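The block underneath contains the structure these notes are about, expressed in structure tokens.
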Amino acid sequence: MDLTHTADEDAFRAEARAWLRAHVPGVPLPSLETREGFAEHRRWEARLAADRWSVVSWPERYGGRGADIFRWLVFEEEYYAAGAPGRVSQNGIHLLAPTLFDHGTEEQRARILPPMASGEVVWAQAWSEPEAGSDLASLRSRAVRTAGGWLLSGQKTWSSRAAFADRAFGIFRTDPDADRPHRGLTYLMFDLRAPGVTVRPIRRLDGKPAFAELFLDEVFVPDEDVIGEPGQGWRIAMSTTGNERGLMLRSPGRYLAAARRLVELWRARADPSDTALRDRVADAVIGARAYRLFTCAAASRFAAGSEIGAESSLNKVFWSEYDIALHETALDLIGPEGEPADGPGEWAEGFVFALAGPIYAGTNEIQRDIIAERLLGLPKGRR
Amino acid sequence: MRFLPTDEQLAFVRSLDALLAAADAPAAARAWAGGDHAPGRELWSRIAGAGVFALAVPEAYEGVGPLPVELALAFVELGRHAVPGPLVETVAGAVLVAALDEPVLGKRLLPGVASGGLPVSLHVPGAGPYALDADAADHLLVVDDDRDEGAVLRLAAGHGPVRASGDPVRRLAVPGAGGEVVAAGPAVAAAARRAACWARLATAAQALGVGLALLARTVEYVGQRTQFGAPIGSFQAVKHRLADTLIALEFARPLVHGAALTLAAADVAAAKTAAGEAAYAAARTALQLHGAVGYTDELDLSLWLRKARPLRDAWGTPAQCRAAVLEGSSAADA
């Protein structure tokens, strides 16, 4: 059992650190949930991509560095330690790209991945519908066969980043007569500016248009933008949500950096006699270390050939609840001065973002059902 | 990086698990609680035969240590099987004596621990008034004062009346005054600090094992117990509580392994906090989901239920450990 990095990994870390030190903006970019901030974050993606830092784990031919999972962890630690901007392309990078690697064609990968890596095309997800949230398989948006492709109609919602993004991906009902709800679904990609698409931004709790509703009226999708076989959409999408909840969506580096900032805040501002607050700061440090080591163990199993399966649900519940507790502690340390939405250290904005964690990427209630049934072997029951 | 137990470590854990599963540790624990140490000592000698205590003893004293990773893995198993006795204190006492490296003292105490599983109790300043299982121990090590110049290690001649803890298997007594002074000075203070670090790690691992046993027994129970025409384990309120219990234990586990690798004070304190809290939460869950039958002495579940709370506080309360986490958390290492 060991936690040491190789000399190659250390050299990779040094290279990443030097690049980030030279390039990370000195002043934080405007919120990426605004039009202006979105554009600036897109430019930052191009900057990263120009020196092959936007998608280090991808193969070189698509703009990556072919980094293995341990180097990816190293890069993420350095990225967040450097205080680098949030990733506007993360829906594409963490959800669509793994799907294309596993289920796409070489033509699709060559066409779609390089502009995703550079931020030239930013992707939004289109999973949920007004009547299909946790019960995603009950979705009703449909794709009807037409010459050379499909016509999409229906409504998608809670589509993160769709207010300003370029394209979207999701699953649609292509066989309404299939015997079970999760058969007869197909995984499709479409242009958010295509004829028949109406994007209605939705303001999240703090008023920023972080997601959107999509109204689709006979939107044409060419056959080349179907991923996998028609009718296989559910199976393909579930492999994507596995990735979303698994190792890649929230890297330990993010929370190590946040816990470090919290300890600095505590040292600078805390009343030393307030041991209740001290204990919560300590729990943030402990949680960041636990998340890092849990991920190191999972990465070690992955590197040894194991799949990341239902255990990714442990991961998702942990980080989403941890993120809220961390931000609550920071706001309690700051006190009334932290109330403005653009208050010190971006803690207020981070808090609003964290509040969504237990809801998206599969609610924590669904995750706990998965943990209980697949990891503990408890019997299925009514939801 | 390969942050997983090696094949050898896994084989060691499996063989210890098999030994303990066949040994009826719950019966030994119940006898121990009644003051009959014979079955427990027999179990201890078999645990020594499996090489567990030797992990804390250097080769010069007939051990194979120090091997803290293997020791932590072993203590998870000792906790899972509810083995009675001063396990943590014996290991920490051995670490203390080994750290002094005084051959006469070392040869007098350590081979018996490593190969025979002779129980040792240990009391250090700041750990509360009681020593654990002093009545069952071959030696009661007492460190008086932990400041460098004043530190003294003695073999106490006796102890006060034995009192049961909330866990009757843990028997508490105040060490007697006097006895043979075997070492003094800064080396004792340093050795005591090292011993306390090992004790904290071993307690964290034992607590993790206690929590895992509580979870496993409760999962089995809720799969069998039927109410309203269905196993209660099919109800979301039950499932979600067990899922949270698993999450806490599975995130404590890598902290315990990581602390065994570094033995850094902050890492060990983090492991102790997380494992202690997770095991105690597992006990609360186990009791609640078993219902009234869980609230009985008769059900063996009680052996683990009652251990979780004292282990949470032994060798570093949660508050002490959280303070230690922040003392050791520099700007460079969260």
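In what follows, chains carry the letters A, B, and so on, assigned in the order in which the sequence lines appear, proteins first and then strands, with residues in each chain numbered from 1. Since the structure is predicted, the reported quantities are computational estimates derived from the model, not experimental observations.
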Residue set satisfying side-chain hydrogen bond (donor to acceptor under 3.5 Å, both in side chains) with B/His290, at least two apart, ordered chain then number -> none

Pairwise side-chain contact, A/Met1 with B/Arg2, heavy-atom cut-off 4.5 Å (strictly under): no

If one checks every heavy atom of B/Ala248 against chain A at 4.5 Å, the contacting part turns out to be neither

Partner chain A: residue of B/Val69, B/Val222, B/Leu246, B/Val238 with the largest heavy-atom pair count (under 4.5 Å): B/Leu246

So, the part of A/Glu311 with a heavy atom under 4.5 Å from chain B: the answer is neither

Answer with side chain, backbone, both or neither: which region of A/Arg261 has an atom nearer than 4.5 Å to a non-hydrogen atom of chain B? neither

Evaluate B/Ser234 against A/Lys380 for side-chain contact (heavy atoms from CB on, under 4.5 Å), listing each step before the verdict. CA-CA 6 Å; B/Ser234 67; A/Lys380 279 189 180 292; over 6 Å; no

When the 4.5 angstrom heavy-atom criterion is applied to B/Leu4 and chain A, the contacting part is both

Looking just at side-chain N and O atoms, do A/Asp369 and B/His240 make a donor-acceptor pair shorter than 3.5 Å? yes

Is any side-chain heavy atom of B/Phe251 closer than 4.5 Å to a side-chain heavy atom of A/Leu314? yes

Please indicate whether B/Arg309 has more than 12 foreign heavy atoms, meaning atoms of other residues, nucleotides or ligands, lying under 6.0 Å from its CZ. yes

Donor-acceptor list for residues 196-221 of chain B side chains, cut-off 3.5 Å, not counting sequence neighbours:
residue  : atom : partner  : partner atom : Å
B/Arg200 : NE   : B/Trp315 : O            : 2.9
B/Thr203 : OG1  : B/Ala199 : O            : 2.6
B/Thr218 : OG1  : B/Leu214 : O            : 2.6

Report the C-alpha separation of A/Phe294 and B/Leu255 in whole Å, then their side-chain angles, then the decisive distance to 0.1 Å, and conclude whether the side-chain contact (heavy atoms from CB on, under 4.5 Å) test is met. CA-CA 8 Å; A/Phe294 182 93; B/Leu255 286 170; over 6 Å; no

Taking every heavy atom of A/Ala290 against every heavy atom of B/Pro254, the minimum-distance pair comes out as O-CG, 4.2 Å

Most contacts with chain A, counted as non-hydrogen pairs under 4.5 angstrom, among B/Ala252, B/Pro5, B/Ala271, B/Ala260: B/Pro5

Nearest heavy-atom pair of B/Ala274 and A/Ile286: which atoms, and what distance? CB-CG2, 4.2 Å

Looking at every non-hydrogen atom in both residues, tell me the closest pair between B/Ala259 and A/Arg289 and how far apart they are. N-NH2, 4.0 Å

Using a cut-off of under 4.5 Å for heavy-atom pairs, which of B/Thr273, B/Thr6, B/Ile247 has the most such pairs with chain A? B/Ile247

Rounded to the nearest 0.5 Å, the CG atom of A/Leu378 sits from the CD atom of B/Gln236 at a distance of 12.0 Å

Is it the side chain or the backbone of A/Leu375 that comes within 4.5 Å of chain B heavy atoms, both, or neither? side chain

Evaluation steps, side-chain contact (heavy atoms from CB on, under 4.5 Å), between B/Asp244 and A/Arg368: CA-CA 8 Å; B/Asp244 285 337; A/Arg368 288 187 174 96; 2.7 Å; yes

Which atoms of B/Gln9 are under 4.5 Å from chain A, going by heavy atoms: the side chain, the backbone, both sets, or neither? side chain

Heavy atoms of B/Val325 and A/Ala282 approach each other most closely as CG1-O, 4.2 Å

Go through it in stages, so that I can follow the logic: the residues are B/Phe3 and A/Asp2, the test is side-chain contact (heavy atoms from CB on, under 4.5 Å), and I'd like the CA-CA distance, side-chain angles, deciding distance and then a yes or no. CA-CA 5 Å; B/Phe3 189 50; A/Asp2 86 88; over 6 Å; no

Quick check on the interface: out of A/Ser300, A/Ala299, A/Ala304, A/Gly381, who has the most heavy-atom pairs with chain B under 4.5 Å? A/Ser300

